[in-house]
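Notes follow once the structure below has been shown.
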Amino acid sequence: MRRRTKIICTVGPSSNNWETMRTMHEAGMDVVRINMSHSTHDEAARTVEWVHALNRKRHDEIPILVDTSGPEIRTGERVEPLNLVPGTKVILSGNPRSDETSELAHINIGYADFGKSVRVGDTIRLDNGLINLDVLERTGSGLVCRVADGGELGSKRHVNLPGVHVDLPSISSKDRDDIAFAKEHDVSFIAQSFVRSADDVLAMREVLGNSHQWVKVIAKIENYEGVDQAESIAKAAFGVMVARGDLGIETDIAKLPSLQRRLVDTTLRLGRRCILATHLLESMVENPIPTRAEAIDVANAVYEGVDAVLLSSETSIGKRPTLAVEQLRKIIEESERYPGLDFSQALVTDDIKQNLAKSASELAEHSGAAGIVVITRSGLMADLVTNCAPSNVPIFAFSNLNHTLRRLMLNRGVYPYRTSFNKNSEMTIQSAFEVLRKRENLPPDAVLVVVSDVLSKGAVDSIQIRHADPAYGATML
């Protein structure tokens with residue numbers, strides 16, 4: 001049985017070289033992620049070059065996902081780390097020129113309206129929640145806070161303001177530069193950080209422009225605002241990333257498991273691609289094996305039916321990036337063998353094409369088909385069949401466009417192949433079958449269900465049951 005759940009790997013200092021990229025691919029990497037919060041354009045360009053080198057050796061190309069920084073807030077530069085002792089007080093301000101005569105230590109926050117947004121009684125989390133401050137009062141110098149959980153604070157540490165609306169544009173000037181880089185280098189996906197509403201996604205589509213409609217937007221939900229608007233965000237985006245890092249800081253961590261389930265269910269129910277990210281195998285940054293809890297966490301993601309799981313620190317700065325990919329792949333493969341596993345969702349749709357895809361999926365399952373063959377130019381029909389989550393039936397998607405083939409690598413259970421389209425639809429189908437007989441080793445009598453959105457002049461083509469070899473005949477429905 002082929003692995004259905006896809007693996008996204010973040011490339012960083014530990015992996016941005018030919019040998020590691022090659023071995024990560026061999027271990028199971030399906031998609032490459034470039035995190036622009038930690039990557040320069042020169043480093044990212046090097047990653048793109050390695051991906052192109054890999055793709056020259058593959059029949060299915062690895063797509064690239066560029067992850068934007070979004071409206072993030074960070075602390076200012078520090079000459080020396082500041083040791084924050086629990087119980088002591090500090091002043092936080094969005095104004096670097098605040099009153100320096102105060103006896104209290106000062107922490108500059110890179111958000112000019114910081115003092116206006118935060119209220120007395122709020123909690124401010126620094127450095128990914130490792131340091132926590134309680135807001136006591138407002139002064140002319142800034143916000144006086146008590147250190148609840150201390151530690152050493154270095155330069156440019158992440159700031160989270162749980163429950164606080166941050167009045168920053170959804171797409172920063174840095175994001176625009178990074179998006180221009182992504183467009184120039186032919187990436188397949190943009191992961192948009194800290195999406196708070198469907199309008200944020202529409203703003204990203206506007207920046208991408210009509211010339212790059214094939215670049216798909218993945219909305220990262222990372223705070224309560226995004227959670228509250230999850231349904232409208234999912235409808236506007238191509239997919240949703242459940243980004244558990246900031247989400248676990250911005251929300252009550254005790255609620256994180258139920259929030260994850262809710263976001264995954266919402267995304268799949270609306271027929272969108274779903275990615276689960278952050279801390280899947282975090283212990284493997286240092287260790288050669290994951291914890292038991294991490295293995296079960298990955299398995300639960302598979303049981304929930306996500307399209308892909310994402311490694312971040314494990315492959316970007318970890319000691320053994322290839323081993324992390326290998327361990328993740330093994331856990332996924334074992335989890336997908338679980339008997340009676342059902343990925344189906346109660347799709348919310350009255351779309352004719354979606355119902356056609358559902359019929360094709362049900363027909364494939366009931367007929368014991370060796371696969372569903374989807375002939376598609378844009379990838380839409382392959383998306384619709386993916387939404388139906390056919391159990392143990394692979395989806396073989398054929399397109400004549402490289403953009404389509406690359407982005408279909410993200411879809412759960414989809415295996416894309418390139419083929420030329422012929423005016424004679426039968427020639428196109430037979431060309432696809434020939435590829436499957438050679439590359440998938442399908443026997444001549446293998447049963448295949450064929451569905452398409454491009455082979456006829458109408459809106460959709462008929463569903464067909466075929467044998468892999470035309471000598472066995474065909475059943476037309």
Has [X] got more than 12 heavy atoms of other residues, nucleotides or ligands less than 6.0 Å from its [atom1]?
| X | atom1 | answer |
| --- | --- | --- |
| Arg261 | CZ | no |
| Leu202 | CG | yes |
| Lys174 | NZ | yes |
| Glu80 | CD | no |
| Arg138 | CZ | yes |
| Lys358 | NZ | no |
| Lys183 | NZ | yes |
| Glu137 | CD | yes |

Is any side-chain heavy atom of [X] less than 4.5 Å from a side-chain heavy atom of [Y]?
| X | Y | value |
| --- | --- | --- |
| Glu43 | Val48 | no |
| Phe194 | Asp200 | no |
| Arg273 | Thr386 | yes |
| Met204 | Ile179 | yes |
| Val325 | Thr322 | no |
| Val147 | Lys89 | no |
| Ser188 | His403 | no |
| Arg4 | Tyr415 | yes |

Exercise: identify the closest heavy-atom pair between [X] and [Y]:
| X | Y | value |
| --- | --- | --- |
| Ser37 | Ser69 | OG-OG, 3.2 Å |
| Leu208 | Ser211 | O-OG, 4.2 Å |
| Ala148 | Asp134 | CB-OD2, 3.8 Å |

When you measure from the side chain of [X] to the backbone N and O of [Y], does any donor-acceptor pair fall under 3.5 Å?
| X | Y | result |
| --- | --- | --- |
| Thr75 | Arg157 | yes |
| Asp252 | Ala254 | yes |
| Asp113 | Lys116 | no |

(message) Within the 3.5 Å criterion, strictly below it, is a donor on Thr10 or Arg33 matched to an acceptor on the partner's side chain?
(response) yes

(message) Is a donor from one side chain sitting under 3.5 angstrom from an acceptor on the other, for Thr47 and Asn16?
(response) yes

(request) To the nearest 0.5 Å, tell me how far Arg205 CZ sits from Ile190 CD1. (result) 9.5 Å

(message) Please report the interatomic distance CZ(Arg22) to OG1(Thr20), rounded to the nearest 0.5 Å.
(response)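 Going from CZ on Arg22 over to OG1 on Thr20, the span is 9.5 Å.
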
(message) Centre-to-centre under 6.0 Å for His212 and Trp214, is that the case here?
(response) yes

(message) Please evaluate residues Arg196 and Asn223 with respect to the criterion side-chain hydrogen bond (donor to acceptor under 3.5 Å, both in side chains), reporting the C-alpha separation (whole Å), side-chain torsions for both, the decisive distance (0.1 Å), and the verdict.
(response) CA-CA 8 Å; Arg196 296 164 289 185; Asn223 57 23; over 6 Å; no

(message) By the definition side chain to side chain contact (heavy atoms under 4.5 Å, CB included), identify the one residue from Leu256, Leu247, Ile275 that meets it with Val242.
(response)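 With Val242 as partner, Leu256, Leu247, Ile275 yield a single side chain to side chain contact (heavy atoms under 4.5 Å, CB included), made by Leu247.
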
(message) Using the side chain to side chain contact (heavy atoms under 4.5 Å, CB included) definition, which of the options Ile124, Leu126, Ile91 pairs with Ile107?
(response) Leu126

